**Student:** 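The structure that follows is given in the form of structure tokens.
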Amino acid sequence: MRGYVLKKVGWSIGTLLFVVVFNFFLFRLLPGDPIGLYTRGRNMSPEQLIRLRQQLNRPVGEQFVEYLANPFASAINSTRFNRPVWEIIGERVWPTVLLVGAAVLAAALAGVWLGIRSGWRRGSRFDRITTGTTNTLYAMPEFWVGMMLIMWLPFFPSGGINSVGVSGFLATAVDTLWHMVLPVTALAVVYLAEYTSIMRASLVDELRQDYLTLARAKGLREDLVRRRHAVPNALLPTMTLIFLNLGFVIGGAITVEYVFSWPGLGLLTAEALRGPDIPLLQAVFLLFSLGVIVFTLVADLLYAVLDPRVSTR
Amino acid sequence: MHHFVIRALTFALAGGLLSTPLSPTPAAPKVTFTIGIQSDVDSTNPFTGIVVEAYETYALMYDYLTTSSAKDVSPQPSLAESYSEAPDKKSWTYKIRAGVTWSDGQPLTARDAAYTFNRIIDGDFEQTNYGNYVANIDKAEATDDNTLVLHVKQPTPIMERLAVPILPEHVWKDVDGKAVKSYENEPQNGQPVVGSGPFQLVERRKGQYLRFAANKNYWQGAPKFDELVFRVFTNADAEAQALIRGEIDFAYDLQSNVFNSLKDKPGVTTRSSEYSGFNEIAFNTGAALADGTAIGDGHEALKNKQVRLAISHAIDRKTLVDRVLNGHGSPGDTFIPPVYPLLHYTPTAPQNFDLAKANQLLDAAGYPKKADGTRFALRLFARQESQDSQSTAEFVKSWLKEIGIDVTVKVMSEDTLTEVIGQGDYDMFEWGWVVEPDPDYQMSVFTCGKRSYKDGDAIYADLSDSFYCNPAYDELYEQQAGETDQAKRAELAKRMQQLVHDDAAYAITYYYNDLVAYRSDRWTGFTPQPDPHGSLLFQYGVHSYLTMAPVTATGAPAAAESPSGGSLGLVVTVAVGVLILGGAGFLALRRRSSASADDRE
């Protein structure tokens, strides 16, 4: 078990290092003249322009060593906002975590529930309706679903995270919940099919297993057979999916944030790309990768706890 | 089961208590004007921001020595109630209005103005947004509380157009040259940002909104409403929905399809205003460094003025306006748009759409059609960021095919295109400019000295993107730069436009309009700039903000927030909360009861 943990942690650190290096050189390879674009149409004196360029023109090796020393340094400033990139990201990370976190949670709970019901009675009318509906929703683009929700449900706000002028902790919280309804719904209904189909498929795999027959032979009620025996075994693939998706929580849902003017990281990325604001993009990409790496690691470790066979193999 | 009931009740009670702050007491409802914007203000620090929305906030928060008139965008006094050039042309004197105060009660004097200018002159980062305005100013001096003297190196007309917000010295002296780079200039501890303009910034939520309170003591008179909100939308369709529902009163910066969808909506008026921007097909007229060294790989044929003229004659500008802009613009000719009636030059020899003439010009220039009907091939670069740019390029490609020029269209990001242009590695590209009331910047784009430059081994772009270089033009540019008589300067500006037009450094395609929609059932009294077809908001100056007023005749509520939205929202939120908690409680109860059941395993 200890060897397994060490191996997994080692792999994660390796991946992280690779990402840091790759991230750095990726943006140095991009063509373009960000300073030229940034200053086009501004009343900047030529000397100022030359000084800005000099910063970008320092030897790549020197820049790399500086970056590698601390990719999270507060001295790294955004070109566009002129402030430390991590400070800007700090402001934007919570709305995204709130939005995507709530959506993943809602989709996972509802999806697992639906998957269990339809898998247990495979081929029933409930199964057919559920599978058909979730697959149809899965096929729809999130931004389109979002746009339709805005048009069909005009009593919900058309965007943003807070109304203007709402103050006080409780009022703000309720107001934010109110603003979350549409974007969370848009994301959750699209994600739903992933959980439903995985849960359904893995439950169906368990249906003919001998231990279920044994449980029934012991005289257990049908729903106990399902809840105590079949579901725990069938949950493993779904757990993996949940954790992998949690890794993408930080990556956000760029299109949904865009439709609902949600002030999160997805939107920040889109803003940073117009420019482009390279230090900011670099930091955002690093954070996205970090999220995926950390949650993949958690999923791996949790898997070993849930199913001891994994770590001894 | 009663656990569930108690939970639901607790939540409902909490909800009831919450409704108080959500719907404030209706004693004195604030009249709020809400503008939907599609690009967040990047910074409320006037030394940092770039986007037009940011410049609008500076105009709201601060005063400027001069402004641009609503009638014809000509310079007019503002914070300086009068100004004059010294007879020896070595300085300008500005009489600062007496009795103006900062929002914290301190008096605004000429010393604040002198401080602001000296800070930029002596500054480093401070030069970013205003460097060009002060390049010719030696120093600023307040001879008394009401007199500002700016000492200039050479006579210059820009002194009537110094678009520099005057900042309060007692606040900014504590922000040094290093701290100013990351200074946010946002409200702190509930205190609004200290300013002197018609509005004060009282709240800022990044990526969401900015809230301003009207300055009831504004020296030009108090605005006729209480609060102004800029609300950020990242999606034009959502912005349009918000306008229809009355969440916002004014939708800025609309795309033409969204604009058209708002046309017949009740209570909404759409407006396509003349704007100060143009787009062009720019030619590589012979890329070179400022010192004349040739660079790049531009096509030889484009160095020939007759070839460029032929291409300009092959562009059907009216079709571009109709099909690309959906009619929201006008065909273009010279580089100062007609919104500046005093400066715009209308050519006597317009480059009309005439394929026969274009063919003739090319034949005469020594590029006859080959057996396959083509003459030569050119590259045309369009911008990824703009659908209009790509459509224009496709149209131009089809027209040039008619005159035997085989065009390859390539789409690239503006960032990449900037670099490609700087290196001179292009034949033609599509882009545009927004022209300020003072034309100096735009005119400098066509001077020889603004061609690319070399630093070490690397070549960098300066402002020139056509590499136009004409000694006669440069001479006129120098002349206008020292001409402080507005009428004489306008004459020079017109001759300069004529040169660039007749030499076809650009084929200017169109002047595009500014598309907005607003709730005319609630608001009235906007002041267009210029009169009568110009923009209603986001002008040079704050004219509309001072004249617009809520519609009161019908007795319709003018407040931005619909009163029912908040309480309905609360009810539904509480209902959803009750359902979720109730559901969870129910499941928990069921689980407990079944767990206690006798199940042997």
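Each chain gets a letter, A, B and so on, in the order its sequence line appears, and its residues count up from 1. Scope of the values below: all heavy atoms of this structure, side chains included, with no hydrogens, waters or symmetry mates. Here the structure is a predicted model, which is why all the values come from computation and not from measurement.
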**Student:** Give me the atom names and distance for the closest heavy-atom approach of A:Val259 to B:Ala238.
**Tutor:** O-CB, 3.8 Å

**Student:** What heavy-atom pair brings B:Gln208 and A:Pro263 nearest, and what distance separates the two atoms?
**Tutor:** CG-CG, 3.5 Å

**Student:** Which atoms of B:Glu414 are under 4.5 Å from chain A, going by heavy atoms: the side chain, the backbone, both sets, or neither?
**Tutor:** both

**Student:** Which bit of B:Asn45 is near chain A, if near means a heavy-atom gap under 4.5 Å: side chain, backbone, both or neither?
**Tutor:** neither

**Student:** Mind checking whether A:Ser158 and B:Arg231 have side chains closer than 4.5 Å, heavy atoms only?
**Tutor:** yes

**Student:** Donor-acceptor pair, A:Arg83 side chain versus B:Glu184 backbone, under 3.5 Å?
**Tutor:** no

**Student:** Name the region of B:Val232, side chain, backbone, both or neither, that has any atom closer than 4.5 Å to a heavy atom of chain A.
**Tutor:** backbone

**Student:** Return the set of residues passing ring pair (Phe, Tyr, Trp, His ring centres under 6.0 Å) with B:Phe125 (not counting sequence neighbours), or none when no residue passes.
**Tutor:** none

**Student:** Quick check against the 3.5 Å criterion: does A:Tyr258 have a side-chain atom that pairs as donor or acceptor with the backbone of B:Asn235?
**Tutor:** no

**Student:** Heavy atoms only, distances under 4.5 angstrom: which of A:Gly160, A:Pro154, A:Gly168 has the most pairs with chain B? Name it, please.
**Tutor:** A:Pro154

**Student:** Where do A:Ile150 and B:Arg245 come nearest, in terms of heavy atoms and distance?
**Tutor:** O-NH2, 2.7 Å

**Student:** Looking at B:Asp237, B:Val434, B:Thr234, which one has more heavy-atom pairs under 4.5 Å with chain A than the rest?
**Tutor:** B:Thr234

**Student:** Can you tell me how far CG of A:Leu273 sits from CG of B:Asp415, rounded to the nearest 0.5 angstrom?
**Tutor:** 10.5 Å

**Student:** Top residue by heavy-atom pair count (under 4.5 Å) with chain A, among B:Ser413, B:Ser182, B:Ala163, B:Ala135?
**Tutor:** B:Ser182

**Student:** Pick from B:Ile244, B:Val202, B:Leu417, B:Thr416: which one has the most heavy-atom pairs with chain A under 4.5 Å?
**Tutor:** B:Thr416

**Student:** Could you tell me whether the side chain of A:Glu91 and the main chain of B:Lys206 form a donor-acceptor pair under 3.5 Å?
**Tutor:** no

**Student:** Kindly write out the residues that satisfy side chain to side chain donor-acceptor pair (under 3.5 Å) with B:Glu203, not counting sequence neighbours, or none if the list is empty.
**Tutor:** B:Arg205, B:Tyr209, B:Arg211

**Student:** Checking heavy atoms, do the side chain of A:Leu267, its backbone, both or neither come under 4.5 Å from chain B?
**Tutor:** side chain

